[in-house]
Protein chains: 2
Amino acid sequence: MTILNNKTQQSSGRQGVTSRKRTRKNDPERVRADIMRVATREFSEKGLSGARIDEIAEKTQTSKRMIYYYFQDKETLYLRALEQSYQAVRHKEGELDLDHLPPVDALARLVAFTFGHHISHPDFIRMVMIENIHHGRYLGQSEFIQSLNAGAIEELERIYRRGVTSGDFRDDLDPLELHWLISALSFFNVSNQYTFSHIFNWDQAAPDNQKILQGHVIDMVMRYVLSREAMLRHLDGQPDPQA
Amino acid sequence: MTILNNKTQQSSGRQGVTSRKRTRKNDPERVRADIMRVATREFSEKGLSGARIDEIAEKTQTSKRMIYYYFQDKETLYLRALEQSYQAVRHKEGELDLDHLPPVDALARLVAFTFGHHISHPDFIRMVMIENIHHGRYLGQSEFIQSLNAGAIEELERIYRRGVTSGDFRDDLDPLELHWLISALSFFNVSNQYTFSHIFNWDQAAPDNQKILQGHVIDMVMRYVLSREAMLRHLDGQPDPQA
DNA sequence: TTCATAATGTACGAAATGGTACGTATAGTC
DNA sequence: GACTATACGTACCATTTCGTACATTATGAA
């Protein structure tokens, strides 16, 4: 039972250069954010059951005690990490500034952005995958995420309506279903890159191939949405007359 | 140290109706298959780290000992379950009998089948999701899976080539990339149904909506693959002249 | 200054969990 | 029937892992 009792004089030797005494600084916001940052990475990498609270604590500036102080238990911590993941990828409306573009260009750009945005946030993708493995049980508990994403398709809706009005787009599509199609292609590109690459011995993540796939996705969506007339122009490679 | 030693006369009371004595029957194949069946379900439901060997053992007719006897450790068991999942969904070439159909019809049918096939095998989808969470580390160890899927796109390749020859399809597509597009749409439909349904308050799994989505996917792929001429026929709703 | 409350650190515990030691039974071969 | 390799069961162990008891310090208000 040799318990070393080095309470005093035991300094982490990291944050205090001037004061060598143990002058603890209370900084709840920082501690919370620190935990969240580490937890999000751990959960997204290893899943809810794979992540270890002790490991999260170690990678933190603080202790395991604080995790349970700010978040009741592992599941709550996971839920908060999930929420933060969703929040982190949510881009502000109008950030793309698409409303001034002709519908055809606007849609092409939105699809291109969505595709790239998914690539830029692999840990978000992983969190969503993990959450789906859990049948969306935790997401269902979060009214926060629901409200957050409620307006996620407003931008697409505006573009689509403009396109229908201008005659560039067919008028029989549902923006939600269109969003589903775009999401599917963008999501799969990140989520399944490992298995797909392995099985077909094809380096899907290689920049060249990513460019090819992005081109396919954009073109595929455009061809699906364009009206008959716009499609003919598209097939003939003619520029948009409005441009 | 009270150890109850009820070795004899301790019968599970399940499998033997006639013989009341403990007449154990050696049946390696059955034991192995039993373990595999349970393990596959457990892993696909809870992931590699979430699944519990003890729980798998409990749901088995046999004991934990046997799991380690036939499979060295948890990871090997997972790998075998992964392999079995891939094997289970692999359908035989020609099973669909598409080669006698005109290319346009054949492709539409292949897409429809792929979409439905994914729906019919949710645990396979889950295993693939889980494996991607693990960066495809285990799949990489299995030459079995790779050889299994090598010919997975041969059917699509044949159809595509026929379509190019007949003039129904454009000639600038790569069958592998085409397969990627079809897979993405079919996979996402199962993998992300929980989060997507929740976020947009839309019951994606409802039969009506599944029909709608399947229609979108088929039509989207067709529009992407059709040649200019075939596209015009398609847009005008005219039947395939070859039919 | 006093005092209450929020914030933090250390050590520990109970249960879960992957894996194994050890012994027994089965079945095919000679 | 004797023998041996394979198949199988029970109890157990070492470690991991989530979570907490308990003590202490910081901070702001009265």
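Order of the sequence lines sets the chain letters (A, B, ...), proteins ahead of strands, with each chain counted from 1.
Distance, B:M66 CE to C:dG19 P: 16 Å, rounded to whole Å. As rounded to whole Å, 15 Å separates atom C1' of C:dG18 from atom CD of B:E58. The nearest whole Å value for the distance from the CG atom in A:D73 to the C1' atom in D:dT20 is 13 Å. For the pair B:I56 CD1 and C:dG18 P, the interatomic distance rounds to 8 Å; values are reported in whole Å. Rounded to whole angstrom, the span from the CD atom of B:Q61 across to the P atom of D:dG9 amounts to 10 Å. Atom CD of B:Q72 and atom C1' of C:dG18 are 14 Å apart (whole Å). Computed from coordinates, the A:Y68 OH to D:dC22 C1' distance equals 17 Å when rounded to whole Å. Here the C1' atom of nucleotide D:dG9 and the NZ atom of B:K64 are 13 Å apart, to the nearest Å.
For A:K74 and D:dG19, a side-chain-to-base donor-acceptor distance below 3.5 Å is absent, hydrogens and geometry of angles not being considered.
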For A:R80 and A:E83, run salt bridge (charged side-chain N to carboxylate O under 4.0 Å, His left out): C-alpha distance rounded to whole Å, both residues' side-chain angles, the deciding distance at 0.1 Å, then the answer.
-> CA-CA 5 Å; A:R80 295 281 113 72; A:E83 290 177 340; 3.0 Å; yes
Would you sort out whether A:S49 and B:S49 count as a side-chain hydrogen bond (donor to acceptor under 3.5 Å, both in side chains), showing the intermediate values?
-> CA-CA 6 Å; A:S49 50; B:S49 49; 3.2 Å; yes
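The phosphate of C:dA7 has OP1 or OP2 within less than 4.0 Å of a side-chain N or O from A:Y69. OP1 and OP2 of D:dT6 both lie 4.0 Å or more from every side-chain N or O belonging to B:Y70. Using a 4.0 Å cut-off, no side-chain N or O of B:S63 falls inside it from OP1 or OP2 of D:dT10.
Closest-nucleotide positions on DNA chain D for A:D54 and B:D54 were compared, and the one nearer the 5' end corresponds to B:D54.
Contact annotation: the side chain of B:R41 never approaches that of B:D123 to less than 4.5 Å [non-hydrogen atoms, C-beta and beyond].
Checking C:dG9, C:dG18, C:dT8 against the side-chain heavy atoms of B:R52 singles out C:dG18 as nearest.
Looking at B:E131 and A:Y194, their side chains never bring a donor and an acceptor atom within 3.5 Å of each other.
In this structure, A:F200 and B:L176 approach most closely via the heavy-atom pair CG-CD1, 3.7 Å.
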